[in-house]
2 protein chains.
Amino acid sequence: MISQTEENYLKALWNLTSSKGEASVNELSKQLDIKMPTVNSMMKRLAEKGLVHYESYKPLKLTDKGKRLAALIIRKHRLTEMYLVEKMGFGWEEVHDIAEQIEHIQSPAFFEKMDELLGFPKVDPHGSPIPDRNGKVETEQYIRYIKLSDCKEGDTVTFMAVSHSSDELLKFLNSRDLSLGSKIKVKSIEPFDESMTVSYAGRKAEMLSNKVCDKLLVRPA
Amino acid sequence: MISQTEENYLKALWNLTSSKGEASVNELSKQLDIKMPTVNSMMKRLAEKGLVHYESYKPLKLTDKGKRLAALIIRKHRLTEMYLVEKMGFGWEEVHDIAEQIEHIQSPAFFEKMDELLGFPKVDPHGSPIPDRNGKVETEQYIRYIKLSDCKEGDTVTFMAVSHSSDELLKFLNSRDLSLGSKIKVKSIEPFDESMTVSYAGRKAEMLSNKVCDKLLVRPA
DNA sequence: GTAATATGTTAGACTGATCTAACAAAATTA
DNA sequence: TAATTTTGTTAGATCAGTCTAACATATTAC
Ligand SMILES: [Mn+2]
Ligand SMILES: [Mn+2]
Ligand SMILES: [Mn+2]
Ligand SMILES: [Mn+2]
């Protein structure tokens, strides 16, 4: 069996390795705020269990089994976030911490029921894809999204997802009425700090810093 | 802070002490299926934390603080059971094991939301009272309930709650269409084994063993 | 009232999950 | 290349939560 602690390591590693396919002990240590020696010995344990490829001084990788298991935990996390927003009336900025706990509930029936009641959603409230029952994740469209910060003046795009969303960013977006699906037009880009002035439903000219634009994933028109 | 493990001990002790006000290490050990020395040392820890009155060779009692805390966990458990049945469509026999896990979620907002969406229910799906936000439990009516097995021939009663319900008992009741609120009339009692023949909505003559009748709490007409 | 049984406690071991201190290897800088 | 810094590993400690074995006290049976 796999403990709640082990699940959190797996999930963190899954997130870190999603781009390059591998991650360092150091990165994982920072991500989890757990000291390197602790992470190191946990990696050996997960290697014993066939979930991680571990070799001294080499980068960490998930095995196929580890990837699948991690994706199934992510699935529970994202289904939960969607359920909390859609069925319980929470705001998208309130659900991550609750989902962080509920993702560890052991009850297939519970998550199947959520999935059903939600009508088998494909994405969570932040636009991240929900892995399927087998741990497969639909990256097709998702990987085609680009950062708003990479757009040019005059571009018109659709706001599709928030990457690595903090409560603060989500609250900021709330305050500007900027939500998933919004059509955003880039009116101008300030050369000095790359801040953007954009317009969208109900907002003629809203200024967004580069730090914000860097977190908004959009689909070109 | 209090761990999930500690919460389970508190809750078990709360259940055991609900009648006599005290319980033995041995009883608690059996209840939790954890060996006596383990229970013993945990009781000392909880005493340190001001949650249990512990004295060598004396029966265990909860402190007021311990009672309140236990009741708040029970509150989360019972609200969850009610939510799963009323809002997610689970059967009353399916919800205990899920609630056993969800009761440990740390998020006041989550349980407040459940409570609201349910319209502030007073009892769980098995008829047990839900403690209020302060850990006070409404025993007024509940303690007046009697066992069906203590009724006499000719009595007419209302089925109000199931005590210490196992999945098996609940499934049995499902199979007989016997649910909370049913008006039950005791038609006859077999002197040999005290089994009862009863009638209720849609059932003319249903035989219930003494073991079953002992678990059904009813309100006299 | 003693013997037998049941219950409770102490001691000591083990595993999981964490840490710090010290050392080793790899990467970076000079 | 040599020195310095960063990253990774090993060793050993600690705490929570569990166990078994041994001993102590209380309860029950005779
Ligand atoms: Mn999240
Ligand atoms: Mn988590
Ligand atoms: Mn229950
Ligand atoms: Mn529990």
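A, B, ... follow the sequence lines: proteins, then strands. Residue 1 opens every chain. Predicted, not measured: the structure shown is a model, and the values here were computed from it. Every heavy atom of this structure was used, including side-chain atoms; hydrogens, water molecules and symmetry mates were not.
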Please report, rounded to the nearest Å, how far the [atom2] atom of [N] is from the [atom1] atom of [X].
| X | N | atom1 | atom2 | result |
| --- | --- | --- | --- | --- |
| A:K30 | D:dT7 | NZ | C1' | 9 Å |
| B:Q4 | D:dT18 | CD | P | 11 Å |
| B:M42 | D:dA16 | CE | P | 9 Å |
| B:I34 | D:dC19 | CD1 | P | 6 Å |
| B:E27 | C:dA6 | CD | P | 16 Å |
| A:K44 | C:dT15 | NZ | P | 17 Å |
| A:E6 | C:dT15 | CD | C1' | 12 Å |
| B:L60 | C:dT7 | CG | C1' | 12 Å |

Q. Considering only side-chain heavy atoms of A:N26, which listed nucleotide, C:dT18, D:dT18, D:dT7, is closest?
A.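 The answer is D:dT7.
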Q) Got more than 12 heavy atoms from elsewhere within 6.0 Å of NZ, B:K49? A)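 Counting neighbours around NZ of B:K49, more than 12 heavy atoms of other residues, nucleotides or ligands fall under 6.0 Å, so yes.
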Q. Any side-chain N or O of A:Y9 under 4.0 Å from OP1/OP2 of C:dG16?
A.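 No, because none of the side-chain N or O atoms of A:Y9 sits under 4.0 Å from OP1 or OP2 of C:dG16.
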Q | Short N-O contact, B:K20 and B:E27, less than 4.0 angstrom | A |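 Salt bridge present between B:K20 and B:E27.
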Q. Between the side chains of A:D124 and A:W92, does any donor sit under 3.5 Å from an acceptor?
A.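 Per modelled atom types, A:D124 and A:W92 side chains form no pair under 3.5 Å.
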Q) Between the side chains of A:K30 and A:N26, is a donor N or O closer than 3.5 angstrom to an acceptor N or O? A)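 A pair is found: one side chain offers a donor N or O, the other an acceptor, under 3.5 Å apart.
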Q: Check the pair B:N8 / B:H104 against side chain to side chain donor-acceptor pair (under 3.5 Å), numbers first and verdict last.
A: CA-CA 9 Å; B:N8 282 332; B:H104 305 291; 3.0 Å; yes
Please tabulate the protein-to-nucleotide N/O contacts below 3.5 Å involving nucleotides 20-28 of chain C, giving atom names and distances.
{"residue": "C:dA25", "atom": "O4'", "partner": "A:Y57", "partner atom": "OH", "Å": "3.3"}

Q: Applying side-chain hydrogen bond (donor to acceptor under 3.5 Å, both in side chains) between B:H96 and each of B:E100, B:E94, B:E93, report the one that passes.
A: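 Option passing the side-chain hydrogen bond (donor to acceptor under 3.5 Å, both in side chains) with B:H96: B:E100.
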